[in-house]
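Below: one structure, written as structure tokens.
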There are 2 protein chains.
Amino acid sequence: MADADNHTNCPMDPLLRAVTGRWTTYILWRLVQEGSLRFGELMGLVPSISAKVLADRLRMLERNDLLIRTQKDTIPPEVSYELTEDGKALHASLKGLHLIALDWRARGWQLDEGFPETTDSGVREQEPA
Amino acid sequence: MADADNHTNCPMDPLLRAVTGRWTTYILWRLVQEGSLRFGELMGLVPSISAKVLADRLRMLERNDLLIRTQKDTIPPEVSYELTEDGKALHASLKGLHLIALDWRARGWQLDEGFPETTDSGVREQEPA
DNA sequence: GTAACTGGTTACATTTCGGTAATCGGTTAC
DNA sequence: GTAACCGATTACCGAAATGTAACCAGTTAC
């Protein structure tokens, strides 16, 4: 998909896909804050993420040289993750989006993904017979 | 999902989800370039998008006040779309991501999403019996 | 002997996403 | 009568993303 699927040739597409999965930006954020975190620490910091998805995200970020995985072969093992310079740069590049996000949130904006079951008023226009 | 699912409370999450679907950034880009476009024009400009997905994207952006749909009830109908100020601001906020995307692309970076079927060497480590 | 520790992997189920093809509505052109 | 026009919607399907739960390894503590 990485290339054959680059229909639009939009340069942001691959970065967006790198950043877009659920919790990914939050993981980046935490790693920027804390510098280095172990797997279990991330499990605790990212609310309700599963080990599977966390591992998926970390391996994906590692494959793309956005973070580095360091393993100590002690028993039990100790594995920690930290961002590379590219990873930090990626996070920094989200600054603009972050600012506008804060602004919109302050203005009460919320994403409407279009699930009508959350509209509770029940009152809707009736077609005249 | 819009709120109950905001697990991380990361302010960027909803914006990222607004921007993330396939072709969404490209649609924003085109609307910024052209100012106003009709449905059929967008169909032509966005390569290989289907009417269904284009309609999905447009309705989603409209629901979130990122673009405005204008319909003339002629026969055949004429419908055009243009970004709101918020829509333009959202697009502008992707500037940082755009810059880093250009830089990385120039450096040869490509997203590796991890599908091993594209690695054609066939040679992989064998377990010693 | 068995549970806990850490950092995962695996199989499976469910949910969501995107793609294809058919259809609609009202009018005009053939 | 029927095809084209435009802007969709609908039903259906397969693929991809995500969630859940069980399990693994090697050692220590009980």
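Bear in mind the structure is a predicted one, so any value in this text is a computation, not a measurement. In what follows, chains are A, B, ... by sequence order, proteins preceding strands, each numbered from 1.
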- Item | Side-chain touch B:Arg105/A:Leu15, heavy atoms, less than 4.5 angstrom | no
- Beyond-backbone contact of B:Leu90 with A:Trp104, side-chain heavy atoms, under 4.5 angstrom: yes
- Query: Hey, is B:Glu62 close enough to B:Arg59 for a salt bridge, meaning N to O under 4.0 Å?
  - Reply: no
- Query: How long is the line joining CG of A:Leu58 and P of C:dG8, in whole Å?
  - Reply: 7 Å
- Considering only D:dA8, C:dG26, D:dG26, which nucleotide approaches the side chain of B:Tyr81 most closely? D:dA8
- If you check every side-chain atom of B:Pro76, which of C:dT9, D:dC5, D:dT18 has the closest atom? D:dC5
- Between the base of D:dG19 and the side chain of A:Lys52, is there any donor-acceptor pair under 3.5 Å? yes
- Message: In whole Å, I'd like the distance from the CG atom of A:Leu54 to the P atom of C:dT6.
- Response: 15 Å
- Send over the distance from B:Arg38 CZ to D:dA8 C1', rounded to a whole Å. 13 Å
- Query: Between A:Ile75 and A:Arg59, which has a closest nucleotide on DNA chain C that is more 5'?
  - Reply: A:Ile75
- Task: Give a yes-or-no answer on whether the side chains of A:Asp73 and A:Gln71 include a donor-acceptor pair shorter than 3.5 Å.
- Result: yes
- Query: A:Met43 has an atom CE; how far is it from atom P of D:dT20, in whole Å?
  - Reply: 11 Å
- Rounded distance in Å - CD (A:Glu78) to P (D:dG26): 19 Å
- Message: Judged by each residue's nearest nucleotide on DNA chain D, which is more toward the 5′ side, A:Ala51 or B:Ser80?
- Response: B:Ser80
- Task: Take the protein atom CG of A:Asp56 and the nucleotide atom C1' of C:dG8, then report the distance between them rounded to whole Å.
- Result: 11 Å
- From D:dA8, C:dG19, C:dG8, pick the nucleotide closest to the side chain of B:Ser50? C:dG19
- Which part of the nucleic acid, if any, lies within contact of A:Gln71, taking any heavy atom under 4.0 Å across all strands shown: a base, the sugar-phosphate backbone alone, or nothing? nothing
- Message: How many whole angstroms separate atom CD of A:Glu41 from atom P of C:dC5?
- Response: 15 Å
- Length of the CD-C1' vector between B:Glu113 and D:dA15, whole Å: 14 Å
- Message: Strictly below 4.0 Å: does A:Arg69 bring a side-chain N or O up to OP1 or OP2 of C:dG7?
- Response: no
- Message: Does D:dT18 have its OP1 or OP2 closer than 4.0 Å to a side-chain nitrogen or oxygen of A:Arg57?
- Response: yes
- Query: Transitively linked via ILVMFWY side-chain contacts under 4.5 Å: B:Ile68 with B:Leu37?
  - Reply: no
